Structures are given as C-alpha cells and as structure tokens.
Amino acid sequence: MTGSAALDDLLALCSRRPIWSADPTGAFAAGTSIRRSAVLVLFGVLDARLADTAAPAVAADLDVLLTRRSRTVSHHPGQVAFPGGGIDPEDAGPEAAALRESCEEAGVDPTGVRVLGTLPDLPVTASHNLVTPVLGWWDRPHRVAASDPAETVEVFRAPVADLIDPAHRVTAVLHHGGHEYRGPAFQVERGIVVWGFTAFVLDRILDAAGWAVPWDHDRTIPAPR
C-alpha cells in the first residue's frame with residue numbers, strides 16, 4: 001500500500017463516519033459538566049525512517065504522530081496521547097481546536113496539515129471530556145518537539161505498520177474500584193505502551209480503514225500506571 005492509497009482509505013473513512021458509540025453523552029453520570037475537546041490524529045510520512053516490521057501491512061513509511069503526557073498532569077499522567085485539548089469559545093470548531101492545540105503542544109504547523117474530516121464524538125469519562133477525533137494528513141512535515149514540559153514531555157512518530165503488527169498488539173487490563181477494564185493496546189518503540197482512549201481510537205481506525213490484521217486478544221499486560 002502506498003501513501004496515496006492510505007490517504008484514500010482515510011478520506012473514505014471520514015465519509016462513512018462509522019458509529020463507535022451510539023450515545024456518547026450517555027456514558028456520563030447525570031449532572032456531569034461535560035467539556036468538549038478535540039484531538040488531531042495526524043497521519044503521513046513524518047520522517048525518513050521506515051517501520052521495523054518485516055512484512056508491513058501498510059506502507060512502511062506511513063506514520064502517526066503521538067505525544068507522551070507529563071506525569072504531573074491531573075488526568076491520564078504519563079500516558080501516550082494524540083495532541084489536542086479543550087475547544088475554546090474562540091475556536092471555529094473541533095478542527096480549529098485540534099490544530100491550535102497541536103501547534104501549542106507539539107509545534108505542528110497548521111498550514112502543513114490537510115484536515116480530512118472528523119470522526120464521531122467519544123466519551124472520556126475520567127476527565128469528563130467528549131472528544132472529537134480530527135483526522136489529518138501531514139502534507140509538509142517538519143521538526144516537532146514538546147513545547148511545555150509541564151504538560152507534554154515527548155512528541156514522536158509511530159510507524160503504522162509497526163502498530164498493526166500482531167507482535168505489538170496486546171490487551172491492557174486495569175483493575176480499579178472493584179472493576180476490570182480491558183482494552184486494546186500497542187507496544188511501540190522503547191517499551192512505550194499505547195493504551196486507553198488513544199489505543200481505542202487507533203484500534204477503531206485500523207479496523208475501519210481495512211488495515212488491521214488478526215491478533216491475539218488473549219495476550220494481556222497490566223495497564224501502565
């Protein structure tokens with residue numbers, strides 16, 4: 001699969017707008033003050049290094065941009081995330097908010113990003129956020145870096161072929177408050193684990209774009225804390 005084929009798949013995904021949560025606001029307790037947020041899921045050829053996977057299911061140079069949150073933030077400390085944040089009143093919508101936050105957090109130049117569309121809102125109940133994933137394609141990649149170490153400690157690219165590789169896919173298990181959470185996770189470079197909301201979105205995009213290959217859902221790891 002070439003980069004142009006991947007772009008076509010992502011455009012088709014935006015057109016289909018799959019339903020991932022029939023009632024995203026219903027996930028919140030009654031009376032919860034819900035914050036509207038947006039994240040940028042930015043694909044493209046982000047650097048010259050290819051995926052490590054020997055038989056890539058997608059183009060070996062196709063990447064997605066990720067960040068790692070500081071361990072001092074109040075919600076989801078230390079987790080891998082997409083760049084993004086709250087939709088401010090002055091933002092024109094989720095697309096504008098995702099681009100602004102990506103610039104502030106990771107130094108992404110919005111003029112080099114082609115916004116492909118939005119995916120359906122998803123709830124993040126732990127932080128009372130209703131999040132709109134914004135799909136983007138990086139037409140003009142450039143050097144990026146964390147802008148505020150108090151919030152983001154790292155910005156990095158993850159080869160999509162390595163994410164898809166069944167050897168890198170696991171189920172993360174979290175026990176909290178007498179409940180068990182099980183969700184998709186990805187083991188990426190340097191021992192970093194992508195799990196939680198970010199892994200859920202990646203998992204759904206890989207499936208909906210037709211890129212995913214079978215993997216062992218019974219292979220589990222404790223969710224990073």
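Note that the numbering runs from 1 along the sequence shown for the chain. Just so we're clear, the structure is a prediction, and the values are computed from it rather than from any experiment.
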Inset, instruction - Consider only side-chain heavy atoms of I, L, V, M, F, W and Y, link residues closer than 4.5 Å, and tell whether L50 and W211 are in one cluster. - result: no

Inset, instruction - Could you tell me which residues satisfy side chain to side chain donor-acceptor pair (under 3.5 Å) with H175, sequence neighbours excluded, listed by chain and number? - result: E180

Inset, instruction - Could you list the residues that satisfy side chain to side chain donor-acceptor pair (under 3.5 Å) with S37, not counting sequence neighbours? - result: N129

Inset, instruction - Hey, could you give me each pair passing salt bridge (Lys or Arg N to Asp or Glu O under 4.0 Å) that has a residue in residues 124-146? Not counting sequence neighbours. - result: R114-D139

Inset, instruction - If a pair satisfies salt bridge (Lys or Arg N to Asp or Glu O under 4.0 Å) and one of its residues is in residues 93-103, list it, with sequence neighbours excluded. - result: D88-R100, D91-R100, R100-E104

Inset, instruction - Answer with yes or no whether the hydrophobic clustering places W20 together with L135; edges join I, L, V, M, F, W, Y residues whose side-chain heavy atoms lie under 4.5 Å apart. - result: yes

Legend entry - Sub-4.5 Å side-chain heavy-atom contact between H168 and W215: no

Legend entry - Sequence neighbours excluded, every pair satisfying salt bridge (Lys or Arg N to Asp or Glu O under 4.0 Å) that has a member inside residues 12-31: none

Inset, instruction - Would you indicate whether the side-chain heavy atoms of L13 and L119 approach each other to under 4.5 Å? - result: yes

Inset, instruction - Report the residues that fulfil salt bridge (charged side-chain N to carboxylate O under 4.0 Å, His left out) with R35, sequence neighbours left out, ordered by chain and then residue number. - result: none

Inset, instruction - Give the minimum heavy-atom separation between V134 and P94, together with the two atoms involved. - result: CG2-O, 3.7 Å

Legend entry - Set of side chain to side chain contact (heavy atoms under 4.5 Å, CB included) partners for T32, sequence neighbours left out: F28, A29, I34, H128

Inset, instruction - Count the heavy atoms belonging to other residues, nucleotides or ligands that lie under 6.0 Å from NE2 of H142, then report whether that count exceeds 12. - result: yes

Legend entry - Those residues that, when tested against D216, pass side chain to side chain donor-acceptor pair (under 3.5 Å) (two or more places apart): none

Legend entry - Contacts of D165 that satisfy side chain to side chain donor-acceptor pair (under 3.5 Å) - sequence neighbours left out: T53

Inset, instruction - Any pair with a residue in residues 117-126 that passes salt bridge (Lys or Arg N to Asp or Glu O under 4.0 Å), sequence neighbours left out, goes on the list, sorted by first then second residue, please. - result: R36-D121

Inset, instruction - Can you sort out the partners of E154 under salt bridge (charged side-chain N to carboxylate O under 4.0 Å, His left out), two or more places apart, ordered by chain and number? - result: R68, R190

Legend entry - Pairwise side chain to side chain donor-acceptor pair (under 3.5 Å) hits with a residue in residues 191-208, at least two apart: R169-D203

Inset, instruction - Check whether any side-chain heavy atom of L62 lies under 4.5 Å from a side-chain heavy atom of V45, and answer yes or no. - result: no

Legend entry - Any side-chain heavy-atom pair of L122 and F200 under 4.5 Å: yes

Legend entry - Minimum heavy-atom distance V194-L66, with the two atoms named: CG2-CD1, 4.2 Å

